[in-house]
There are 2 protein chains.
Amino acid sequence: MDYGDFGEARIMGDPRTLQAQVLSRLRRNIMLGRIEPGQSLTIRGLAEELDVSAMPVREALRQLVAERAVELQDNRRVRIPPMTIERFNDLIAARVVLEAEAAERAMPYVTEAIIAEMAELDAAITRAEAVRDYDVWIGANFAFHACLYGAAGRSTFLPLIESLWLQVGPFLRRAIMSSDTHYAVDRHHEALTALRLRDTMALRIAIEADIRDGISHIGSTLIRSEARRSAVSAGNA
Amino acid sequence: MDYGDFGEARIMGDPRTLQAQVLSRLRRNIMLGRIEPGQSLTIRGLAEELDVSAMPVREALRQLVAERAVELQDNRRVRIPPMTIERFNDLIAARVVLEAEAAERAMPYVTEAIIAEMAELDAAITRAEAVRDYDVWIGANFAFHACLYGAAGRSTFLPLIESLWLQVGPFLRRAIMSSDTHYAVDRHHEALTALRLRDTMALRIAIEADIRDGISHIGSTLIRSEARRSAVSAGNA
DNA sequence: TGCGCCAATATGTGATCACAAATAGCCGGT
DNA sequence: ACCGGCTATTTGTGATCACATATTGGCGCA
């Protein structure tokens, strides 16, 4: 059972508890889509992989359940939830309403330094797209948004939004891996322009369009093709 | 350390794990505001109160941390977070955008039975207000909303919204306990009318107004008076 | 009175274990 | 081939413990 390039979760000198380190590692890997939808996560398997005892893993999994990053099944097993069309549409809708509002509320606190950082992240995304580096592509994308929404240094919206990213991440990776093209309009660029102009409406529109573009269409198509494949598989069983 | 009318968390015949029972109990009590903002929750204290070992309590607390119902402090202690004006405003704003969207998305799935149930809950709220039964007042209010948003039987929006209710609950109870009056317009009644008429815009308006009315004004005033009291207290120290 | 130090106590964390519950595989019967 | 029963194995849960960390209280000194 290989979850990607794991090694020990322990980092020498890290002041965080083991539990926090494990949680951080798992969150990152889920958000980057490095664990497939449907994949089960076992306490003992993860503990062995990360070279820790069961306790920090158990506690981390509890947190991930609460964040909806993983689902607790009837048989008490934990897995990355498979994606459905309805769930996908709900996740996109929730992202749109929360992120547009968060962006608007953040605008008064956005400094030139923040804009510069966001521009750097956007450039990183572009480079990652060119070489199909999915980790950076997805990671920098979320970081771009987090940079903006976190500008006020407050903590109500971002955890909600991160829960959505955790839920969408495993699927997002599959979606961009299966797409040959990318959507033509750089909405991040539009968002940056809106921020520089302090144009709230344009910022909202850019953020919403960014969330809705491409991935929405790719996502729906991929879910349908996976549902078709799943039905065939059920027919064989 | 008394957390309210606790007894054993174990219920004979309950198929749920102890952990799930503890979590459910704590979530309920936090959402109903039965634990004060600022109150610390200790693993051993809760375990003794609920007559269980530390394990299910630890795991439940981890979930509550992830749901932002409680905050993990720098000293590793867990407490109900105190309220600030900024946080309060953010929570209201997040509730508005999420709940209005959830209501709209739920409308196609709302049956006559659901409307009847919501009307019954609204009547219960009115009765509870008259006798100052805060548990029913708050509980039925959230249940009214949950009934609506859960109409589609889906699970993306409701956990996000419940996290907000968990964050607002402790403060909400204090706010309504300190208020002599209640706001004059029954927004729930308006929501029910909108549902019966299948009027999406009216439903949105009613839900948003319900969230914003009264509690917003009461809340801001109470936070200011508590901040004032806190400053005096710091002056004496 | 305020500060620093130290010891006692409280609290959280990680490890481990026994047991409960679920799963997988095998065998026999229809 | 399918189903049911049984056993072995896997996995989750709750309990407990030792240790690490944080807090509290008391004492001495300026």
Side-chain angles (χ1 to χ4, degrees), chain A residues 1-3 7-26 35 38-66 69-81 234-237, chain B residues 1-3 6 8-26 35 38-66 69-81 234-237:
Chain A
M1 182 178 301
D2 178 37
Y3 293 122
E8 293 190 6
R10 275 176 241 260
I11 304 172
M12 300 307 298
D14 192 327
R16 289 177 301 172
T17 61
L18 258 197
Q19 187 278 140
Q21 293 179 47
V22 170
L23 176 65
S24 173
R25 172 80 52 102
L26 289 179
I35 315 177
Q39 172 80 59
S40 282
L41 306 179
T42 68
I43 294 168
R44 290 180 165 111
L46 284 174
E48 183 177 331
E49 194 87 27
L50 301 175
D51 194 29
V52 296
S53 80
M55 281 312 308
V57 173
R58 282 172 65 171
E59 298 196 350
L61 285 183
R62 286 296 169 202
Q63 287 191 250
L64 291 168
V65 166
V70 296
E71 69 172 0
L72 185 58
Q73 300 170 262
D74 286 346
N75 64 7
R76 303 182 178 190
R77 303 295 170 89
V78 167
R79 70 174 177 176
I80 306 286
N236 290 342
Chain B
M1 182 177 303
D2 179 36
Y3 293 121
F6 273 88
E8 293 191 4
R10 276 175 241 259
I11 304 173
M12 299 308 297
D14 193 328
R16 289 177 302 172
T17 61
L18 258 197
Q19 188 276 140
Q21 294 179 45
V22 170
L23 176 65
S24 175
R25 172 77 57 97
L26 289 179
I35 316 177
Q39 171 80 58
S40 281
L41 307 178
T42 67
I43 293 168
R44 288 178 166 113
L46 284 174
E48 184 177 331
E49 194 88 27
L50 301 174
D51 195 29
V52 296
S53 81
M55 281 312 308
V57 172
R58 282 172 66 170
E59 299 195 351
L61 285 182
R62 286 297 170 202
Q63 287 190 247
L64 291 168
V65 167
V70 296
E71 70 172 357
L72 185 57
Q73 299 171 263
D74 286 346
N75 64 6
R76 303 182 178 191
R77 302 295 169 90
V78 167
R79 71 174 177 176
I80 305 287
N236 290 342

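Residue numbers begin at 1 in each chain, while the letters A, B, ... track the order of the sequences. The structure presented is a predicted model; accordingly, all values stated were derived computationally and were not measured.
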Between [atom2] on [N] and [atom1] on [X], what's the gap in Å once rounded to a whole number?
{"X": "B:I43", "N": "C:dG14", "atom1": "CD1", "atom2": "P", "answer": "11 Å"}
{"X": "B:L23", "N": "D:dT13", "atom1": "CG", "atom2": "P", "answer": "13 Å"}
{"X": "A:D51", "N": "C:dG14", "atom1": "CG", "atom2": "P", "answer": "14 Å"}
{"X": "B:R62", "N": "C:dT11", "atom1": "CZ", "atom2": "P", "answer": "16 Å"}
{"X": "B:L18", "N": "C:dC19", "atom1": "CG", "atom2": "C1'", "answer": "14 Å"}
{"X": "A:Q21", "N": "C:dT13", "atom1": "CD", "atom2": "P", "answer": "13 Å"}

> Is a side-chain N or O of B:Q21 found less than 3.5 angstrom from the main chain of B:R16, in a donor-acceptor match?
Replying inline: yes

> Backbone N or O of A:E59 within a donor-acceptor pair of the B:E59 side chain at under 3.5 Å?
Replying inline: no

For nucleotides 20-23 of chain C, print each protein N/O atom paired with a nucleotide N/O atom at under 3.5 Å, atom names and distance only.
unit_1, atom_1, unit_2, atom_2, d
C:dT23, OP1, A:N75, ND2, 2.7

> Does A:R44 reach the side chain of A:E49, with side-chain heavy atoms less than 4.5 Å apart?
Replying inline: no

> side-chain contact (heavy atoms from CB on, under 4.5 Å) between A:L72 and A:L61: does it pass, once the steps are laid out?
Replying inline: CA-CA 9 Å; A:L72 185 58; A:L61 285 183; over 6 Å; no

> Does B:T17 have any side chain to side chain contact (heavy atoms under 4.5 Å, CB included) partners at least two apart in sequence or in another chain, and if so, which?
Replying inline: A:R76, B:Q19, B:A20

>> Nearest heavy atom decides the nucleotide; on that basis, is A:R44 or A:E59 closer to the 5' end of DNA chain C?
In response: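 Comparing both residues, the 5'-ward one is A:E59.
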
> How far apart are the closest heavy atoms of A:L50 and A:V22, and which atoms are they?
Replying inline: CD1-CG1, 3.8 Å

> Taking only side-chain nitrogens and oxygens of A:S53, does any of them come within less than 4.0 Å of OP1 or OP2 of C:dG14?
Replying inline: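 It does not, given that no N or O in the side chain of A:S53 lies less than 4.0 Å from OP1 or OP2 of C:dG14.
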
> Should the heavy atoms of other residues, nucleotides or ligands under 6.0 Å from CD of B:E48 be counted, would the total exceed 12?
Replying inline: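 Check fails, neighbour count at 12 or below.
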
>> Taking atom types as they are modelled, would you say the side chain of B:R58 forms a donor-acceptor pair with the base of D:dG14 within the 3.5 Å cutoff?
In response: no

> Between A:V78 and A:M55, which has a closest nucleotide on DNA chain D that is more 5'?
Replying inline: A:V78

Nucleotides 3-9 of chain D: which of its N/O atoms have a protein N/O under 3.5 Å away?
none

